[in-house]
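Data first, discussion second: the structure below is written as structure tokens.
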2 protein chains.
Amino acid sequence: MSTAQGSQGLQLVESEAPDVVILDLGLPDMDGLDVLREVRRFSDVPVLVVTAKGDEVSRVKGLETGADDYIVKPFSHTELLARMRAVLRRSHLPQLWGDEGVVRGKGLSVDLAARRVFVDGQEAELTPSEWNLLSYFVRNEGRIIPLPVLAEKVWGSAYVESSSIKMCVRRLRLKLRDNTKSPQLVRSHRGLGYSFVMPRW
Amino acid sequence: MSTAQGSQGLQLVESEAPDVVILDLGLPDMDGLDVLREVRRFSDVPVLVVTAKGDEVSRVKGLETGADDYIVKPFSHTELLARMRAVLRRSHLPQLWGDEGVVRGKGLSVDLAARRVFVDGQEAELTPSEWNLLSYFVRNEGRIIPLPVLAEKVWGSAYVESSSIKMCVRRLRLKLRDNTKSPQLVRSHRGLGYSFVMPRW
DNA sequence: CCCTGTTGTTACCAAACCGTGACTTTTGTT
DNA sequence: AACAAAAGTCACGGTTTGGTAACAACAGGG
């Protein structure tokens, strides 16, 4: 691992193909988000964004731009390592993707190709928008997704009321039998967005 | 495997006869859908379409033009591999085709060679167009097929009123004893098309 | 030419779907 | 404890679309 400035960092990512990238948004040149954008154009390497304490803005911006997780300064070694491990574990998505295009977890399996979802062995009937939402979640498992990103990616760029998204999330949770109090599948992160977690076996 | 631009790609497909084609619709030089259309004029090679946009539109367009599956950028290696495996599996049509040309499921067996269908052990008499529809469904089990594709593939290229297709689906459902409310065999996917699923034993 | 079975068409309906805005609950902060 | 902001909930209604019925067109065989 190594540190570098903007353009150097980009070349490094391209040539070294690292397993994970730690990107400090608090650097002087402050083009950190541009770097992230560039990286995302050719790589989906997990990116862990570092922000200063209380800097809500860049945290959210980072996630919106495609970061996988964030960590606030000051942080301890152990915390950094923990975050890295988490990000790495998610990005490898072990045998999550079966031989077919089916993603399985405890009590939940999602067939991306056939558009079918099974909850505890029983098929759940999702509406189009519910399905779009779920499939986006599944393809970005474990990542916190801000509402604006969902609006863009799932509803196709249009401006969507946040309450519409909230409703869709609700209806999806119900069909997935996700306890709406303390949900385990579709989790909300106050001020940031939603994340989807595949239940471990 | 190799990458190429529009026309080069076409020649490659013709000369190399690959097992699978990955087609990026976001290429600059030429409309990817045209490439796909061209390929389909002389080859049935499985095509996996890559699209940058998360919106439903370009995906559906891809499928309508004859793609076998799609994948949205950015995607992980594991996802790409999974999709490729799935596409390849489907194209080989596993052991669903029994030793004879007979496909069996719970309470339903379809003899593709002899053009006969049995529902709960009793033979069902299908009209020609019903049969064409069913056999196409069976050969594309589990895939969602947009109405335009059905028009093209089943009715032979002509422009067919969607209501005609709907009627044929209806009559087919009736003969297969598929509950027209919440059908299990021929399923409708609002805004997308129909899919056929063989009932599991 | 008529009869019969098949297929396409039109018009209509019922239901699914989804967005919205008002309202309530939760959460975190002072 | 009080407050404000965020997340969640509810009920309503407009729009879409797939399903349905009845009928017309058509083809082939007797």
Side-chain angles (χ1 to χ4, degrees), chain A residues 53-54 56-57 59-60 63 72 115 117 124-134 136 144-151 154-176 178-196, chain B residues 55-57 60 115 117 124-134 136 144-148 150-151 154-196:
Chain A
K53 173 172 177 286
E56 294 267 340
V57 187
R59 214 188 328 165
V60 175
L63 291 175
V72 281
R115 285 197 164 224
V117 192
E125 314 258 354
L126 298 193
T127 70
S129 58
E130 284 156 13
W131 172 264
N132 292 342
L133 183 59
L134 175 61
Y136 186 80
I144 297 175
I145 305 155
L147 293 218
V149 175
L150 285 179
V154 178
W155 273 261
S157 175
Y159 171 72
V160 190
E161 282 295 334
S162 67
S163 60
S164 308
I165 301 181
K166 286 195 267 183
M167 274 314 298
C168 195
V169 165
R170 167 174 172 72
R171 300 199 246 247
L172 180 59
R173 277 174 176 160
L174 289 174
K175 293 198 181 173
L176 298 184
D178 198 10
N179 187 353
T180 54
K181 312 290 183 188
S182 77
Q184 298 302 299
L185 271 30
V186 183
R187 306 182 176 184
S188 30
H189 305 261
R190 194 185 178 85
L192 295 175
Y194 292 99
S195 77
F196 176 81
Chain B
D55 71 307
E56 204 61 17
V57 187
V60 174
R115 291 201 152 219
V117 193
E125 311 266 353
L126 298 193
T127 70
S129 60
E130 284 157 13
W131 171 262
N132 292 340
L133 183 58
L134 175 61
Y136 185 79
I144 294 170
I145 305 154
L147 294 216
L150 285 179
V154 179
W155 274 261
S157 176
Y159 172 70
V160 188
E161 283 292 337
S162 67
S163 54
S164 310
I165 302 180
K166 284 197 275 184
M167 276 314 301
C168 196
V169 165
R170 167 173 171 73
R171 300 200 247 248
L172 180 58
R173 276 175 177 161
L174 289 174
K175 293 198 181 173
L176 298 183
R177 302 237 184 83
D178 198 9
N179 186 354
T180 54
K181 306 290 183 188
S182 78
Q184 297 302 298
L185 271 30
V186 183
R187 305 182 174 194
S188 30
H189 303 260
R190 182 171 262 248
L192 293 175
Y194 292 98
S195 78
F196 176 82

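Residue numbers begin at 1 in each chain, while the letters A, B, ... track the order of the sequences. Below, all heavy atoms of this structure are taken into account, side chains as well, without hydrogens, waters or symmetry copies.
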Within the 4.5 Å heavy-atom criterion, are B:Leu176 and B:Val117 side-chain neighbours or not?
yes
Of the non-hydrogen atoms in [X] and [Y], which two are nearest, and what is the gap between them?
X: A:Cys168; Y: A:Leu133; value: SG-CD2, 3.9 Å
X: A:Ser164; Y: A:Val160; value: CB-CG1, 3.7 Å
X: A:Val60; Y: A:Pro146; value: O-CG, 4.4 Å
X: A:His189; Y: A:Tyr194; value: CD2-C, 4.1 Å

Output the distance between atom CG (B:Leu147) and atom CD (B:Glu161), rounded to the nearest 0.5 Å.
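Going from CG on B:Leu147 over to CD on B:Glu161, the span is 11.0 Å.
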Nearest 0.5 Å, what's the CG-CZ distance between B:Leu134 and B:Arg115?
10.5 Å
Between [N] atom [atom2] and [X] atom [atom1], what is the distance in whole Å?
X: B:Arg187; N: C:dA16; atom1: CZ; atom2: C1'; result: 17 Å
X: B:Leu133; N: C:dT7; atom1: CG; atom2: C1'; result: 13 Å
X: B:Glu125; N: C:dG5; atom1: CD; atom2: P; result: 12 Å
X: A:Trp155; N: C:dT20; atom1: CH2; atom2: P; result: 11 Å
X: B:Glu161; N: C:dA11; atom1: CD; atom2: C1'; result: 13 Å
X: A:Tyr194; N: D:dA7; atom1: OH; atom2: C1'; result: 6 Å
X: A:Ile144; N: D:dA6; atom1: CD1; atom2: C1'; result: 15 Å
X: A:Leu126; N: C:dC18; atom1: CG; atom2: C1'; result: 14 Å

Quick one, which residues of residues 162-181 of chain B touch DNA chain D with a heavy atom under 4.0 Å?
B:Lys166, B:Met167, B:Arg170, B:Arg173, B:Thr180
For residues 172-184 of chain B, the salt bridge (charged side-chain N to carboxylate O under 4.0 Å, His left out) pairs (sequence neighbours left out) are B:Asp120-B:Arg177, B:Glu130-B:Lys175
D:dA6, OP1 or OP2 - any side-chain N/O from A:Ser188 closer than 4.0 Å?
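Result: no.
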Decide side-chain contact (heavy atoms from CB on, under 4.5 Å) for A:Phe196 and A:Ile145; before the verdict, give the C-alpha distance in whole Å, the side-chain angles of both, and the deciding distance to 0.1 Å.
CA-CA 9 Å; A:Phe196 176 81; A:Ile145 305 155; over 6 Å; no
For A:Pro128 and for B:Ser129, locate the closest nucleotide of DNA chain C by heavy-atom distance; then report the residue assigned to the nucleotide nearer the 5' terminus.
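Upstream on the strand: B:Ser129.
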Starting the side chain at C-beta, find the nucleotide from C:dG21, D:dA7, D:dT17 nearest to A:Arg190.
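The answer is D:dA7, which lies nearest to the side chain.
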Nucleotide-resolved protein contact map, nucleotides 25-30 of chain D, B/S/- at heavy-atom distance under 4.0 Å
------
